[in-house]
Amino acid sequence: MTSSPPRMALLGALGLAVLTIAAAWGFQLIGGYVPCPLCYQQRWPYYAAIPLGLALLPMAGHPARERMLRGGLVLLGLIMLVSFGLGLHHAGVEWGWWAGPASCAGNTSFGQSGSVLPDLSRAQIASCSDAQWRFLGLSFAGYNALISLVIAGLALWGAFARKTYGSSSLSQ
């Protein structure tokens with residue numbers, strides 16, 4: 001199997017997407033951070049991008065299927081640009097640049113049931129305007145926006161990169 005730019009981009013984008021959604025679930029289930037409605041909304045593009053990336057894997061490294069792979073990478077990049085927009089919107093709500101939806105007005109958390117999963121019988125809504133965590137000034141939403149932009153960039157780079165099979169293009 002060759003190391004074509006589309007293949008490398010797909011593997012990088014898919015790996016980063018899986019790590020990001022796993023981290024989101026880890027912060028929620030292990031760390032005890034309560035996602036707000038906008039946090040949950042930011043997961044939707046990952047739930048589309050990851051299965052798409054997995055479906056594209058059999059095409060990676062097969063020159064006859066490269067056109068379909070590149071088209072899939074464009075779609076993956078567009079999905080992650082939507083994710084970037086969702087993360088940027090949520091970060092703006094947290095910074096008070098604009099109001100969040102009315103469904104984000106709560107400021108409470110899931111009750112503890114002694115289980116790894118939240119007790120849905122006592123589910124309550126976290127506020128979208130209060131960042132629960134920040135590192136270097138960015139919240140989860142801010143980091144999601146950055147990571148989504150990186151994934152989109154990887155996917156779009158892979159979709160539009162020149163073919164580099166065989167010998168170097170400089171020697172031709």
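Closest non-hydrogen pair, Pro51 versus Tyr46, comes out as CD-O, 4.0 Å. Heavy atoms only, all atoms of each residue included: Gly158 and Arg70 are closest at O-NH1, 3.4 Å. When all heavy atoms of Asn144 and Gly87 are compared, the pair lying nearest together is ND2-CA, 3.9 Å. Taking each heavy atom of Ile79 and Ala49 in turn, the nearest pair found is CG2-CB, 4.1 Å.
In terms of hydrophobic clustering, with Ile, Leu, Val, Met, Phe, Trp and Tyr side chains grouped at heavy-atom distances under 4.5 Å, Leu57 and Leu16 are assigned to a common cluster. Leu56 and Leu14 fall within a single hydrophobic cluster, where Ile, Leu, Val, Met, Phe, Trp and Tyr side chains are chained together by heavy-atom contacts under 4.5 Å. Tracing side-chain contacts under 4.5 Å through hydrophobic residues (I, L, V, M, F, W, Y), one reaches Tyr47 starting from Ile50; they form part of the same cluster.
You'll find the side chain of Val74 reaches within 4.5 Å of the side chain of Phe160, heavy atoms only. Residues Pro45 and Leu86 meet the side-chain proximity criterion, which asks for heavy atoms closer than 4.5 Å. No side-chain heavy atom of Leu149 sits less than 4.5 Å from a side-chain heavy atom of Leu88. Counting only heavy atoms from C-beta outward, the side chains of His90 and Cys39 approach each other to under 4.5 Å. Counting heavy atoms from C-beta outward, Arg43 and Gln28 have side chains that approach closer than 4.5 Å.
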> Given the rule in the side-chain contact (heavy atoms from CB on, under 4.5 Å) test, do Trp157 and Met8 qualify, once you have shown the distances and angles that lead to the verdict?
Replying inline: CA-CA 10 Å; Trp157 167 78; Met8 292 185 310; 3.8 Å; yes
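With rounding to the nearest 0.5 Å, the separation of CG in Leu154 from CG in Leu73 is 9.5 Å. Note that CH2 of Trp25 is 6.0 Å distant from CG of Leu29, once rounded to the nearest 0.5 Å.
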